[in-house]
Enquirer: 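Structure provided below as structure tokens; questions to follow.
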Amino acid sequence: MNEAKIYGINGPVVTVKNAPWFKVRETVCVGREQLIGEVIAIHGDSTVIQVYEETSGLTLGEPVVGAGEPMSVTLGPGLIGNIFDGIERPLKSIEEQSGAFISRGLRPDALDMEKVWEVKILAENGSRVSAGDIIAEVAENPLITQKIMIPPNVSGVLSDVVKSGGYTCRDVIAHVTDENGTVTDITLTQKWAIRTPRPYAEREAISRPLITGQRIIDILFPLAKGGTAAIPGGFGTGKTMTQHQLAKWSDADIIIYIGCGERGNEMTQVLEDFIGLVDPKSGQPLMNRTLLIANTSNMPVAAREASIYTGVTIAEYFRDMGYHVAIMADSTSRWAEALREISGRLEEMPAEEGFPAYLPSRLSEFYERAGYVKNLNGTEGSVSIIGAVSPQGGDFSEPVTQNTKRFIRCFWGLDKSLAYARHYPAINWITSYSEYAEELGDWYRENIDKDFESLRGKIIKILSEENSLMDIVKLIGSDILPEEQKLTLEIARVIRVGLLQQNAYNANDTYVPMKKQFEMLKVIARLEEKCRALVTGESIPVSEIAKTGVFDKVVRIKYDIENDKPEKFKEIYDLIDSIEGASL
């Protein structure tokens, strides 16, 4: 390690001089309390360091010691179910050391290095291994089995392989000797630089959706496994709530929830909710497949910037084992504000609204780490990224939202008027879109029904027609519209309230399997077809059809029909088919 002295202090940014041995992105310890920092720029003989802890009390001339390695995270057993801050310090361990208020300079091990894990050895002495090969397994909990892999950039012949049994994260379970005779110790853990994507064999084509159980997403705006999505919306429109629903119910193997700058009460809600939730697929606690990263409020604003890289690096680690991981980043606007603060303190030339000119490239670096890949060990895994965006006043024309749209393929725009009307998820079906819908067509045809796409198209067409008609209705009312257009408005209402709106507090509605979603689509299509024939062929007024209660009955099927009893839809079909013009 090399040591220098603080030359200048500007909030969480400090400057040292005459330190030619420091490198950009190197981790350093700042001051007598050894505060954690990272080199972010080098100008001649001056080195600029971002400190990830409160810097009040630092004085000129205090030592700065380089760690000789980039900002990295420790990967291994003990990650799942834990809660870390933005630089992978375990908050439970910190609380034990300093109480509810985090003291400065604390650097506990990210993982419990003394806990004994039951290790199942899968490799043998003398076998040749390469990067990513799985040599052991550790059952972290009933849901997640961690695969102990050969670190990237390591290959050779295994030796000194231990027998299956109990080992700590510090114990060496094997050695790898490469062709040059260099010996590498293999333990249950490995370290990886957070800003460097982990390698993979090849990127696979998008082919399957991330099933969320939220109808407006799964039907209208699907997200693929390995895809990217953004949830922009103003204050109170339900960004965090939507991410909570996706974290609870999506069919990803592992959830990584990153609170990169959101209010503490929202992370508290995540902790309180998730601890008591049961995973619907396994019956196990949801925390058995969840990891939380919370950028704590007493860290500088700029510390948010590291948190999303910490989260995505951990996600890639589990992806390399063959898991499908979903990242919830809440919110990337706060993360962008951290970039703006750092840029301002460095006195860089600002771009639009004060954000740095490199904001688009930083966003792309993050979202491009999503993907469905074939790993180095032959398994397949994915990282899906869902980022919340918090534009001030719900203005989607601001820089973070606009630049995010350049790098994501699924846009779930939240609408203030829908949220205030208690229509959740408040995703606006006119401004939102998904570029994955066409690519996932084969999956829907093979796994759901060959008519799924045509019914989806019919729903979108009706909603689009309603949007056009509403301009007329606002001016002159709906009474003078032709009966066919009145029917369009009524069917659109059934779609909006009965299909797109969901109730998170109703057991039958908070999560809806794809079979029930498709049956609901078919019911609405049958209702529209039957009513259209009555209106056009027999000149029956829509008001007369409404008196039968069929529209309200279809709206209520989301509550009235249990998710595991699709056979009850026959009663709805019979009711629709029983409507005859003569009786009306």
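Residue numbers count from 1 along this sequence. Worth knowing before you read on, the calculation uses all heavy atoms, side chains too, and leaves out hydrogens, waters and symmetry mates. Quantities reported herein were computed from a predicted structural model and do not represent experimental measurements.
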Enquirer: Just wondering, do I427 and L220 contact through their side chains at under 4.5 Å, heavy atoms?
Expert: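 L220 vs I427: side chains apart.
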
Enquirer: Given side chain to side chain contact (heavy atoms under 4.5 Å, CB included), test L500 with R215 step by step and report yes or no.
Expert: CA-CA 6 Å; L500 305 185; R215 292 184 293 264; 5.6 Å; no

Enquirer: Quick check: closest heavy atoms across T488 and R532, and the distance to 0.1 Å?
Expert: OG1-NH2, 3.4 Å

Enquirer: Assess K147 against Y323: is NZ or CZ under 6.0 Å from the centre of the six-membered ring, and within 45 degrees of the ring's axis?
Expert: yes

Enquirer: I'd like to know if the side chain of S384 and the backbone of G226 have a donor-acceptor N/O pair within less than 3.5 Å.
Expert: yes

Enquirer: Write down the atom of S382, the atom of R319, and the distance for their closest heavy-atom approach.
Expert: N-CG, 3.6 Å

Enquirer: For the side chain of Q501 and the backbone of R422, is there at least one donor-acceptor N/O pair under 3.5 Å apart?
Expert: yes

Enquirer: Is it true that F452 and Y444 have ring centroids separated by less than 6.0 Å?
Expert: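 Yes - the distance between ring centres of F452 and Y444 falls below the 6.0 Å cut-off.
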
Enquirer: Nearest heavy-atom pair of I385 and V312: which atoms, and what distance?
Expert: CD1-CG2, 4.3 Å

Enquirer: Under 4.0 Å between a side-chain nitrogen and a carboxylate oxygen: does that hold for R456 and E453?
Expert: no

Enquirer: Per the side-chain contact (heavy atoms from CB on, under 4.5 Å) rule, which among Q214, M241, Q502 passes with Y424?
Expert: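 It is M241, the one option of Q214, M241, Q502 that forms the side-chain contact (heavy atoms from CB on, under 4.5 Å) with Y424.
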
Enquirer: If you define the side chain from C-beta out and look only at heavy atoms, does anything of L489 sit under 4.5 Å from M470?
Expert: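 Yes, close enough: below the 4.5 Å cut-off.
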
Enquirer: Please determine if R493 and D552 form a salt bridge, counting it only when a charged side-chain N lies under 4.0 Å from a carboxylate O.
Expert: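 Counted as a salt bridge, because a side-chain N and a carboxylate O are separated by less than 4.0 Å.
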
Enquirer: Any chance you could measure L455, atom CG, to L521, atom CG, to the nearest 0.5 Å?
Expert: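 So the gap between those two atoms works out to 5.5 Å.
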
Enquirer: Measure the shortest side-chain to side-chain distance between N82 and L292 over non-hydrogen atoms and say whether it is less than 4.5 angstrom.
Expert: no

Enquirer: I'd like to know whether NZ of K530 has more than 12 heavy-atom contacts from other residues, nucleotides or ligands below 6.0 angstrom.
Expert: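 Buried by this count: over 12 neighbours within 6.0 Å.
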
Enquirer: Test side chain to side chain contact (heavy atoms under 4.5 Å, CB included) on I386 and W412 and set out the steps.
Expert: CA-CA 10 Å; I386 303 165; W412 300 325; 4.0 Å; yes

Enquirer: Can you spot which of E88, R198, R369, R195 makes a side chain to side chain donor-acceptor pair (under 3.5 Å) with T313?
Expert: R369

Enquirer: Would you say the side-chain atoms of S432 pair up with the backbone N or O of G413, donor to acceptor, closer than 3.5 Å?
Expert: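 Yes, S432 side chain to G413 backbone: donor-acceptor pair under 3.5 Å.
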
Enquirer: If I compare all heavy atoms of L376 with all of A201, which pair ends up nearest, and what's the gap?
Expert: CD2-N, 3.7 Å

Enquirer: To the nearest 0.5 angstrom, please state how far the CG atom of N447 sits from the CZ atom of R445.
Expert: 11.5 Å

Enquirer: Would you compute the distance between atom OH of Y257 and atom CD1 of I293 and round it to the nearest 0.5 angstrom?
Expert: 12.5 Å

Enquirer: Nearest 0.5 Å please: distance from the CD1 atom of I144 over to the CD1 atom of I80.
Expert: 5.5 Å

Enquirer: With side chain to side chain contact (heavy atoms under 4.5 Å, CB included) as the test, would you mind laying out the steps for V512 and D218 before giving the verdict?
Expert: CA-CA 10 Å; V512 185; D218 292 340; over 6 Å; no

Enquirer: Rounded at 0.5 Å granularity, tell me how far CD1 in I495 sits from CD in E528.
Expert: 8.0 Å

Enquirer: Students often mix this up, so state it plainly: with edges at 30° and 60°, are the rings of F411 and F396 parallel, tilted or perpendicular?
Expert: perpendicular

Enquirer: Are Q146 and Y317 linked by a side-chain donor-acceptor pair shorter than 3.5 Å?
Expert: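 Short answer, yes.
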
Enquirer: Where the side chain of N288 meets the backbone of L143, is there a donor-acceptor pair that is under 3.5 Å apart?
Expert: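 Not confirmed, N288 side chain does not pair with L143 backbone.
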
Enquirer: Do F407 and P360 come within less than 4.5 Å of each other through their side chains, counting heavy atoms only?
Expert: yes

Enquirer: Using atom types as modelled and distance alone, determine if a side-chain donor or acceptor of R340 lies under 3.5 Å from a backbone N or O of P350.
Expert: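 No; judged by distance alone, with no hydrogens or angles, the pair does not exist.
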
Enquirer: Does L286 reach the side chain of W249, with side-chain heavy atoms less than 4.5 Å apart?
Expert: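 No, side chains not in contact.
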
Enquirer: Is a donor on one side and an acceptor on the other found under 3.5 Å between the side chain of Q245 and the backbone of T510?
Expert: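 Judged by distance alone, yes, a pair lies under 3.5 Å.
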
Enquirer: More than 12 foreign heavy atoms under 6.0 Å from CD of E438: is that the case here?
Expert: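 Incorrect, the count does not exceed 12.
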
Enquirer: What's the shortest heavy-atom distance between T332 and C260, and which atoms?
Expert: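 Minimum heavy-atom separation between T332 and C260: N-SG, 4.5 Å.
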
Enquirer: Please assess M71 against Y309 for the test side chain to side chain contact (heavy atoms under 4.5 Å, CB included), listing each intermediate value before the final yes or no.
Expert: CA-CA 10 Å; M71 181 69 73; Y309 296 108; over 6 Å; no

Enquirer: Looking at E398 and V400, would you say the former's side chain and the latter's main chain have a donor-acceptor pair under 3.5 Å?
Expert: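 Indeed, once roles are kept as given, a pair shorter than 3.5 Å links the two residues.
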
Enquirer: Is it true that K486 and E490 have a side-chain N and a carboxylate O under 4.0 angstrom from each other?
Expert: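 Salt bridge absent between K486 and E490.
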
Enquirer: Using modelled atom types only, decide if a donor and an acceptor are shared between the side chain of D395 and the backbone of P391 within a distance under 3.5 Å.
Expert: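 Pair absent, no side-chain N/O of D395 close to backbone of P391.
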
Enquirer: Salt bridge check: are E439 and R409 linked by an N-O gap of less than 4.0 Å?
Expert: yes

Enquirer: Using 4.0 Å as the upper bound for N to carboxylate O, is an ion pair formed by D560 and K568?
Expert: no

Enquirer: Under 3.5 Å, is there a donor-acceptor pair between the side chain of K239 and the main chain of G234?
Expert: yes

Enquirer: Indicate the atoms forming the closest heavy-atom contact of S333 with V389, along with that distance.
Expert: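 Looks like OG-CG1, 3.3 Å.
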
Enquirer: Using 0.5 Å steps for rounding, measure from the NZ atom of K225 to the OG atom of S250.
Expert: 9.0 Å

Enquirer: Using modelled atom types and a 3.5 Å cut-off, is there a donor and acceptor pairing between side-chain atoms of D509 and backbone atoms of Y559?
Expert: no

Enquirer: Flag the pair E337 and R304 as a salt bridge only when some basic side-chain nitrogen lies within less than 4.0 angstrom of an acidic carboxylate oxygen.
Expert: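 Yes, E337 and R304 are salt-bridged.
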
Enquirer: Check this for me: does any side-chain nitrogen of one of E529 and R526 sit under 4.0 Å from a carboxylate oxygen of the other?
Expert: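 Salt bridge absent between E529 and R526.
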
